[in-house]
Amino acid sequence: MESVDVVVIGAGFAGLVAARELGHAGLNVVVLEARDRVGGRTWTDHRFGHDLELGGTWIHWVQPHTWAEATRYGREVERSPSADEAYWRGADGSTRQGTLAQFMALISDGQQRVIDDVREAIPRGIEPTAGNIQALDSMSIQDRINSLGLDPEAQAATESVWVGHVNAPLDEVGLSSALRWVSATGGHWELMHEASATYRVVGGMSSFTAAIAADVPGDVRLSTTVESVTHDADGAEVELADGSRIRTRRVVSTLPANAISGIKFDPPLPEVWQRLGQERVASQGTKVWIRARGHVPRFFAYASQHDPLSVLKAEYYGVDDDGEYTLLVGFGPDHTRIDLESVAAVQAAVDAFRPGIEVTGVTAHDWMTDELSQNTWMTHRPGQLTRDLSEMQRPHGVVHFATTDNANLWGGFVDGAIESGLREARNIAKSLRR
Ligand SMILES: Cc1cc2nc3c(=O)[nH]c(=O)nc-3n(C[C@H](O)[C@H](O)[C@H](O)COP(=O)(O)OP(=O)(O)OC[C@H]3O[C@@H](n4cnc5c(N)ncnc54)[C@H](O)[C@@H]3O)c2cc1C
């Protein structure tokens with residue numbers, strides 16, 4: 001039977017970084033990835049004549065782990081187009097049109113008040129459960145917004161911005177998700193806003209993960225699905241879908257909380273993982289690329305959390321045999337509300353808040369029905385952060401868990417995935433040296 005020091009399950013950012021670190025520490029490491037590509041929930045694919053990000057896209061220099069990797073591999077960023085026009089849904093459900101400045105003025109009071117107590121709740125983003133957050137963690141973002149007494153017009157706009165950030169209906173998402181990301185940007189919501197949706201990687205996320213994969217001193221095996229992990233104090237046996245087995249001293253699982261039940265662990269996973277697998281984290285939305293006829297002036301648009309699509313913006317322009325076109329990127333809070341293969345369904349969703357666009361094509365990847373992820377960018381349900389985070393970081397015997405879902409600083413983002421991979425590689429290298 002093949003025997004290695006460490007098996008890393010999954011070749012997303014967490015797995016690739018963990019494997020690179022372990023290999024550079026002199027350990028014999030192998031990465032097993034079920035997909036036929038690396039990158040996990042980041043995936044740059046050529047569609048509609050452009051390299052489109054179907055998953056994670058925007059990074060920022062206030063994300064320290066991501067930025068260190070970008071520096072290491074010489075990745076540069078470019079700005080997504082800023083908007084000349086803004087559209088949003090008013091309290092009566094009809095569409096408003098204005099400038100970016102007008103929209104920002106409408107939301108700024110509500111945005112600030114949602115996160116006003118961030119410094120007491122999470123004084124340091126690197127310790128997301130250390131402050132007063134315990135007392136607030138049963139609260140959803142919707143609870144907080146409802147408590148502010150905003151005028152209806154400002155409340156509708158404030159909700160629409162938050163649903164864009166958290167990718168789920170606001171009554172299902174813990175206030176902690178809003179607070180921890182704003183804490184990561186020093187308490188400034190505008191910077192959180194910029195960090196999460198402005199700068200994309202030149203050459204695409206897939207070129208970024210390919211660079212890390214090429215730097216792993218060990219095998220990265222694609223189309224290799226792990227079925228089970230049997231472990232005891234001496235090590236583990238990892239069984240693959242083809243029936244073969246690998247003996248190893250340590251295992252790193254990088255599976256998202258929602259998908260981890262896809263592997264049978266014996267002894268079974270700690271209760272925290274089993275419970276999360278049933279309860280699920282909050283994020284449940286969708287991302288779609290839309291091809292629109294003609295040159296649509298640069299804009300962003302926000303609908304409400306009750307719509308199939310809640311955010312829409314212009315990202316790319318081009319010309320082909322049919323003439324000029326614009327590529328828009330859209331996000332919705334619930335993947336079951338819209339058929340992303342239907343041009344008619346997407347046209348109707350767009351018409352509801354950004355009139356005057358003719359949809360000629362749509363393309364997307366449904367990460368929620370994808371068995372290997374079942375999640376987009378992780379947001380917690382109320383209570384999950386303080387109840388679960390430290391337990392999720394604890395190894396189970398020789399099995400370690402590295403995933404953005406159990407990161408401290410930018411949990412849910414690429415940065416959190418890298419943080420978790422570095423953390424578990426360090427822990428394993430230390431324990432094996434001992
Ligand atoms: C639509 C969308 C938009 C996003 N936007 C952003 C953004 O703009 N900025 C940002 O920072 N983040 C964003 N994110 C989040 C970001 O992409 C993720 O947080 C990050 O990529 C997670 O990395 P990971 O390594 O923790 O997990 P994953 O990337 O999910 O890696 C886990 C890997 O395990 C593999 N796997 C699962 N089961 C098995 C098995 N049984 N055997 C072998 N392999 C298995 C999976 O195939 C996968 O490759 C977005 C995510 C989505 C989906």
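Every value quoted in this text rests on a predicted model; they were computed, and no experiment measured them. Atoms within a ligand are numbered from 1 in the order they appear, just like the ligands themselves. The basis for the numbers below is simple: all heavy atoms, side chains too, and nothing from hydrogens, waters or symmetry mates.
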Asker: Phe300 pairs by ring-ring contact (aromatic ring centres under 6.0 Å, His included) with which of Tyr87, Phe331, Trp88, Phe103?
Answerer: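 That would be Phe103.
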Asker: Starting at CD1 of Ile418, measure out to CZ of Arg423 and round the result to the nearest 0.5 Å.
Answerer: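 Rounded to the nearest 0.5 Å, the CD1-CZ separation comes out at 13.0 Å.
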Asker: Answer whether the closest heavy-atom distance between the side chains of Phe299 and Leu328 falls below 4.5 Å.
Answerer: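 Phe299 vs Leu328: side chains touch.
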Asker: I need the nearest protein heavy-atom contact for atom 34 (O) of ligand 1: residue, atom name and distance, please.
Answerer: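 The closest heavy atom on the protein side is Gly10 CA, 3.3 Å.
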Asker: Given Gly56, Ala407, Gly15, identify the one with the heavy atom nearest to atom 5 (N) of ligand 1.
Answerer: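 Among Gly56, Ala407, Gly15, the closest heavy atom to atom 5 (N) of ligand 1 comes from Gly56.
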Asker: Answer side chain, backbone, both or neither: which part of Leu255 comes under 4.0 Å from ligand 1, heavy atoms only.
Answerer: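 The part of Leu255 near ligand 1 is the side chain, not the backbone.
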Asker: Taking C-beta and beyond as the side chain, do Trp367 and Arg41 meet within less than 4.5 Å on heavy atoms?
Answerer: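 Yes, their side chains come closer than 4.5 Å.
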Asker: If you round to the nearest 0.5 Å, how far is CZ of Phe208 from CG of Leu16?
Answerer: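 Answer rounded to 0.5 Å: 11.0 Å.
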Asker: What residue and heavy atom of the protein are closest to atom 44 (N) of ligand 1, and at what distance?
Answerer: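 Sorting protein heavy atoms by distance from atom 44 (N) of ligand 1 puts Ala34 N, 3.2 Å first.
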Asker: Of the protein's non-hydrogen atoms, which lies at the shortest distance from atom 32 (C) of ligand 1, and what is that distance?
Answerer: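 Checked against all protein heavy atoms, atom 32 (C) of ligand 1 sits closest to Thr254 O, 3.5 Å.
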Asker: Could Arg37 and Asp45 be called an ion pair, given the rule that one side-chain N must be under 4.0 Å from one carboxylate O?
Answerer: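 A salt bridge is absent here (no side-chain N lies under 4.0 Å from a carboxylate O).
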Asker: For atom 26 (O) of ligand 1, find the nearest protein heavy atom and state the residue, atom name and distance (0.1 Å precision).
Answerer: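 It is Thr404 N, 3.0 Å.
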Asker: Considering non-hydrogen atoms of the protein only, which is the closest contact for atom 40 (C) of ligand 1, and what is the distance?
Answerer: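 Residue, atom and distance for the closest contact: Val226 N, 3.8 Å.
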Asker: Is there a heavy atom of Thr224 sitting under 4.0 angstrom from any atom of ligand 1?
Answerer: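 Yes; Thr224 lies near enough to ligand 1 that a heavy-atom distance drops under 4.0 Å.
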Asker: Which ligand 1 atoms, with their elements, are less than 4.0 angstrom from a heavy-atom of Ile263?
Answerer: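 It comes down to these atoms of ligand 1: 41 (N).
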Asker: What protein heavy atom lies closest to atom 9 (N) of ligand 1? Include the residue and the distance to one decimal.
Answerer: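 Checked against all protein heavy atoms, atom 9 (N) of ligand 1 sits closest to Trp58 O, 2.9 Å.
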Asker: Distance under 4.0 Å to a non-hydrogen atom of Leu32: what atoms of ligand 1 satisfy this?
Answerer: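 Within the 4.0 Å cut-off of Leu32, ligand 1 contributes 43 (C), 44 (N).
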Asker: Specify side chain, backbone, both or neither for Ile59, according to which of its non-hydrogen atoms lie closer than 4.0 Å to ligand 1.
Answerer: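 It is neither; nothing of Ile59 touches ligand 1.
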Asker: Run the numbers for me: atoms of ligand 1, each under 4.0 Å from some heavy atom of Gly40, listed by number.
Answerer: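 Counting from 1, the qualifying ligand atoms are 29 (O), 48 (C), 49 (O).
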Asker: Do the rings of His50 and Tyr316 sit parallel, tilted or perpendicular, given the 30° and 60° boundaries?
Answerer: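 Ring orientation of His50 relative to Tyr316: tilted.
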Asker: Ser373 near ligand 1, heavy-atom distance under 4.0 Å?
Answerer: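 It does not; every heavy atom stays at 4.0 Å or beyond.
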Asker: Under a 4.0 Å heavy-atom limit, does Ala259 contact ligand 1 with its side chain, its backbone, both, or neither?
Answerer: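 Neither; no heavy atom under 4.0 Å.
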Asker: Return yes or no for this condition: an N or O of Ile9 is under 3.5 Å from an N or O of ligand 1.
Answerer: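 There is no such contact.
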Asker: Can you list the ligand 1 atoms lying under 4.0 Å from a non-hydrogen atom of Pro256?
Answerer: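 It comes down to these atoms of ligand 1: 30 (O).
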Asker: For Leu372, take its heavy atoms, then give the atoms of ligand 1 lying under 4.0 Å from any of them.
Answerer: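 So the answer, numbered in order with elements, is 37 (C), 38 (N), 39 (C), 46 (C), 47 (O).
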Asker: Is there a nitrogen or oxygen of Thr376 sitting under 3.5 Å from a nitrogen or oxygen of ligand 1?
Answerer: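 So ligand 1 has no N or O lying under 3.5 Å from an N or O of Thr376.
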Asker: For ligand 1, is any non-hydrogen atom under 4.0 Å from Ala14's backbone (N, CA, C, O), its side chain (CB onward), both, or neither?
Answerer: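 Near ligand 1, Ala14 shows its backbone as well as its side chain.
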Asker: How many angstroms lie between atom CZ of Arg144 and atom CG of Asp117, to the nearest 0.5 angstrom?
Answerer: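 Interatomic distance, Arg144 CZ to Asp117 CG, rounded to 0.5 Å: 4.0 Å.
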Asker: So, Phe413 versus Trp181, ring centres under 6.0 angstrom or not?
Answerer: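 Aromatic pair counts; centres sit under 6.0 Å.
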Asker: In sequence, state the C-alpha distance, the side-chain angles, and the governing distance for Ser207 and Arg75, and then conclude on side-chain hydrogen bond (donor to acceptor under 3.5 Å, both in side chains).
Answerer: CA-CA 9 Å; Ser207 75; Arg75 297 297 112 175; 2.9 Å; yes
Asker: Counting heavy atoms only, which of Ala364, Gly412, Ala417, Gly421 is nearest atom 18 (C) of ligand 1?
Answerer: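 Among Ala364, Gly412, Ala417, Gly421, the closest heavy atom to atom 18 (C) of ligand 1 comes from Gly412.
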Asker: Which ligand 1 atoms, with their elements, are less than 4.0 angstrom from a heavy-atom of Val414?
Answerer: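 The list of qualifying atoms is 10 (C), 11 (O), 12 (N), 16 (C), 19 (O).
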Asker: Report the part of Val38 in contact with ligand 1, treating N, CA, C, O as backbone and CB onward as side chain, heavy atoms under 4.0 Å; options are side chain, backbone, both, neither.
Answerer: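 Neither part.
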Asker: For the OG atom of Ser253 and the CG atom of Asn406, what is their distance to the nearest 0.5 Å?
Answerer: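 If I round to the nearest 0.5 Å, the distance is 9.5 Å.
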Asker: Between Lys287 and ligand 1, does any nitrogen or oxygen pair lie at a separation below 3.5 Å?
Answerer: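 Lys287 vs ligand 1: no N/O contact under 3.5 Å.
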Asker: May I ask you to check whether Phe48 and Trp289 place their ring centers less than 6.0 Å from one another?
Answerer: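 No, ring centres 6.0 Å or more apart.
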Asker: Just to confirm my output: which protein heavy-atom neighbour is closest to atom 49 (O) of ligand 1, and how far is it?
Answerer: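 Looking at atom 49 (O) of ligand 1, the protein heavy atom closest to it is Glu33 OE1, 2.6 Å.
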Asker: Within a distance under 4.0 Å of any heavy atom of Thr42, pick out the atoms of ligand 1 and give their elements.
Answerer: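 Ligand 1 atoms under the 4.0 Å threshold to Thr42: 17 (O), 21 (O).
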Asker: Could Arg89 and Phe353 be counted as a cation-pi pair, given that NZ or CZ must be under 6.0 Å from the ring centre and within 45° of the axis?
Answerer: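 The answer is no; the distance or angle limit is not met.
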Asker: Classify the contact between Trp367 and ligand 1 as side chain, backbone, both or neither, using a heavy-atom distance cut-off of under 4.0 Å.
Answerer: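 Under 4.0 Å from ligand 1, Trp367 contributes side-chain atoms alone.
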Asker: Nearest protein heavy atom to atom 7 (C) of ligand 1, by residue and atom, and its distance?
Answerer: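 Its nearest protein heavy-atom neighbour is Thr57 N, 3.4 Å.
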Asker: Over all heavy atoms of both residues, which pair between Asp215 and His24 is shortest? Give the atoms and the distance, please.
Answerer: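 Heavy atoms of Asp215 and His24 come nearest at O-NE2, 3.3 Å.
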Asker: My understanding is that we take every heavy atom of each candidate and find the minimum distance to atom 22 (C) of ligand 1. Doing that for Glu419, Arg41, Met368, which one comes out nearest?
Answerer: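 Answer by nearest heavy atom: Arg41.
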Asker: May I ask you to list the atoms of ligand 1 that are less than 4.0 angstrom from any heavy atom of Thr403?
Answerer: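 Those atoms are 26 (O).
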Asker: Please state whether the rings of Tyr317 and His295 are parallel, tilted or perpendicular, taking 30° and 60° as the class boundaries.
Answerer: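 Rings of Tyr317 and His295: parallel, under 30°.
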Asker: How long is the span from the CD1 atom in Ile357 to the CG atom in Leu312, to the nearest 0.5 Å?
Answerer: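 Those atoms lie 5.5 Å apart.
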